[in-house]
Structures are given as C-alpha cells and as structure tokens.
Amino acid sequence: MGRIIAITNQKGGVGKTTTAINLAATLAEANQRVLLVDFDPQGNATSGFGIGREDVNNTIYRVLTGECEIEEAILMDVIENMDLIPADMNLAAVEVEFADQDNKNLILKSLLSDCIEKYDYILIDCPPSLGTITVNALSAASSVIIPIQCEYYALEGLNQVLNTISIVKQGLNPDLVIEGIVLTMYDGRNKLSQQVVETVKQYFDGNIYETLIPRNVRLAEAPSHGLPITQYDSSSSGADSYRKLAAEVMSKGDAIYG
Ligand SMILES: Nc1ncnc2c1ncn2[C@@H]1O[C@H](COP(=O)(O)OP(=O)(O)O)[C@@H](O)[C@H]1O
Ligand SMILES: [Mg+2]
C-alpha cells in the first residue's frame, strides 16, 4: 500500500514545491509509481511541470467540492511513472467554503483512499499556511517531510508547524509521523549554512535526512522550463541531491513502516 507524504512548512520560500516536484521525479525515476498532489492555490507544482491553465479541466478543488471524481482530475504520465493532480487559485476558497462543513478536515483523506492502491507514493505539496488545506493534507498523510531553508531564521516559526502536527496526531490522524527534516538551499562555503545544520541537528535529534539539498541555480531555473531537475539538468548537483533524498526516503520508509 502506498505512503502518503505531506510536504509542509507554513513559511513560504523554504523549498516545499522544489522538493515536492523533484522528489516526485526522482522517486518516479527509481521506478516507483508516484502521484503528486498540488495542494497550494499558487499552483507552482502544476506549472513546474509545464502544465498551464489551458491544459487543465479538473483540479483538486473540483475534486474536493465534488464537481468531479478524483480519477477525472488525475493527469496521467506527466513524466514516466508520475501522475499529477493540478491546483489553481480556486483552491484558496476552501478555507472559507468548508468552514461549517462536518468532517471538513478529512475530505482529502477519504478521496485519496480511492487511489492509494495504485501508487507507491502520494506526495502532497502544501501551501505556506496552517489552515484547512494543510490540516486536510496532514490528516490524509502517513508522514510529513518538513523542508527547512539553511538561513538565519531557519527555526523561527517551526514550533507552529510542529504544534499543528501534534494537534492533528491527537485527534484526526493518530498514526501521523514526522518522516524527516530536509535542509534546503545549503551552501557549504557559508558558515551560516553549516551552523544552521548543526542547530537543526541538535533540535531534531536524528530526524534529519543526511542529504543536504545544495543551493543550485539549475533547481531554480527548471520550473520556468516546465521540467523537473531530472529532465532539465540530469547531471546537476541539484538532481544528484534529490536522487539521494529519494533513496533515503525509500530506505527510511522501510524502517518507519516495517
Ligand atoms: N536548492 C535550491 N537552490 C536554488 N534555488 C532554490 C532551491 N530550492 C528552492 N529554490 C528556489 O527558491 C524559491 C522558493 O522555493 P519553493 O520550492 O517555491 O518554496 P516553497 O514552496 O516553500 O514556497 C523558488 O524560486 C525556487 O526556485
Ligand atoms: Mg510552494
């Protein structure tokens, strides 16, 4: 049965979408069947695969509101072994539209249960907030990956994510685990980057991926070409690092879930 991984941190710009796109692509490259769910109204995981508004009829928003079936929103084989459910701005309305609905936090979970058998990994790219959208993702997930950017304020606001995770664990999803912290935009020449790694290691005590995602301009360029790093520049340090992360995710999963 597939693992559902939410990629979350309520801070913007820390590398959530870059990690979602490129972890999905490197897992797919390793012959895993992957579904990437774009769950951010900004739709960056959608556009990052070169999918524009004109290519999309059904979105995750329409699935959530019951306007279409989940199967109708899945774009098949966006790259080999990887399907995608796109998002657009409409998704933002969920925060208010679902406010009074019973079980508003469990809608994604019940929808994904229909297709979990088909995939080894379902990755959910979360928005930079901790509202209904993110809580839906955390309720549906078996685990969470938290990207942290190697910069001065790296740990600031982290308590809020951890707190939200712990609230979801207490009620909606007792089995949720923190899969790991991934440090992004690492610059080995920069003392600050090294200090952040040390601080985060102390704080999280072992729950950190060994793979450090370097600051790599090819990773930043790839989305504007509509390609994951594996296709945009397969031999870049960025591609290399996400392949290593995918290998860790695959082997760590065996340890977490048996
Ligand atoms: N490892 C990296 N090296 C260089 N640029 C990066 C890297 N990771 C992310 N970026 C860039 O930083 C910005 C924010 O990343 P993004 O993945 O969109 O963050 P989030 O989804 O958390 O808001 C984007 O412009 C992205 O291209
Ligand atoms: Mg994003």
Side-chain angles (χ1 to χ4, degrees), residues 5-26 36-51 59-61 84-89 91-92 94-95 123-131 133-134 136-138 144-158 160-161 164 180-190 192-194 196-197 200 208-246 248:
I5 304 178
I7 298 169
T8 195
N9 184 333
Q10 90 279 10
K11 260 199 209 181
V14 297
K16 287 183 293 296
T17 301
T18 304
T19 297
I21 289 175
N22 294 306
L23 182 59
T26 47
L36 175 59
V37 181
D38 190 349
F39 214 34
D40 181 351
Q42 289 177 47
N44 294 338
T46 304
S47 59
F49 279 96
I51 295 157
T59 60
I60 191 66
Y61 173 74
L84 173 92
I85 303 182
D88 66 3
M89 285 304 291
L91 180 61
V94 160
E95 300 287 346
L123 303 186
I124 308 172
D125 184 28
C126 292
S129 58
L130 294 170
I133 298 176
T134 293
N136 260 274
L138 293 175
V144 195
I145 289 179
I146 305 173
I148 295 181
Q149 187 182 348
C150 294
E151 41 113 48
Y152 187 64
Y153 294 108
L155 291 174
E156 198 189 69
L158 209 59
Q160 288 166 263
V161 201
T164 303
I181 310 294
V182 58
L183 291 158
T184 65
M185 296 179 240
Y186 177 77
D187 178 356
R189 295 163 305 180
N190 183 335
L192 177 61
S193 260
Q194 296 168 14
V196 170
V197 173
V200 172
I208 300 164
Y209 290 105
E210 271 173 37
T211 307
L212 301 170
I213 306 299
R215 189 173 276 287
N216 174 222
V217 68
R218 306 301 267 169
L219 285 170
E221 291 167 357
S224 63
H225 297 264
L227 294 171
I229 196 65
T230 45
Q231 293 185 6
Y232 178 62
D233 189 347
S234 183
S235 59
S236 61
S237 64
D240 232 35
S241 65
Y242 276 107
R243 285 190 187 104
K244 287 194 180 120
L245 183 66
E248 273 195 77

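Counting starts at 1 for both ligands and their atoms, following the listed order. The first residue in the sequence is number 1, and the count goes up from there. Given the structure is predicted, the values throughout are model-derived calculations rather than measurements.
Note that CG of D125 is 3.5 Å distant from OG1 of T17, once rounded to the nearest 0.5 Å. Atom CG of L245 sits about 10.5 Å away from atom CG of L212, to the nearest 0.5 Å.
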Exercise for the section: Mind running side-chain contact (heavy atoms from CB on, under 4.5 Å) on K244 and E210 for me, showing each step along the way? Expected result: CA-CA 9 Å; K244 287 194 180 120; E210 271 173 37; over 6 Å; no

Go ahead and list the nitrogen or oxygen contacts between ligand 1 and the protein that come in under 3.5 Å, distances to 0.1 Å, or just say none.
from, atom 1, to, atom 2, distance (Å)
ligand 1, 1 (N), P214, O, 2.8
ligand 1, 3 (N), N216, N, 2.9
ligand 1, 3 (N), N216, O, 3.4
ligand 1, 17 (O), T17, N, 3.4
ligand 1, 17 (O), T18, N, 2.8
ligand 1, 17 (O), T18, OG1, 2.6
ligand 1, 19 (O), G15, N, 3.0
ligand 1, 21 (O), T17, N, 2.9
ligand 1, 21 (O), T17, OG1, 2.9
ligand 1, 22 (O), G13, N, 3.4
ligand 1, 22 (O), V14, N, 3.1
ligand 1, 22 (O), G15, N, 3.1
ligand 1, 22 (O), K16, N, 2.9
ligand 1, 22 (O), K16, NZ, 2.9
ligand 1, 23 (O), G13, N, 2.7

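Every residue was checked against the salt bridge (charged side-chain N to carboxylate O under 4.0 Å, His left out) condition with E248, not counting sequence neighbours, and none meets it. Here R243 pairs with E29 under the salt bridge (charged side-chain N to carboxylate O under 4.0 Å, His left out) rule; sequence neighbours left out.
The distance cut-off of 2.8 Å around the Mg ion (ligand 2) captures these protein N, O or S atoms, sorted by chain and number: T17 OG1.
Looking at heavy atoms from C-beta onward, L91 lies out of side-chain contact with T59 at the 4.5 angstrom threshold. Proximity of S236 to L219: side-chain heavy atoms (C-beta onward) are nowhere separated by under 4.5 Å.
Side-chain N or O atoms of T211 include none that pairs as donor or acceptor with a backbone N or O of S241 at under 3.5 Å.
Only one option out of I145, V144, I208 pairs with I181 in a side chain to side chain contact (heavy atoms under 4.5 Å, CB included); it is I208.
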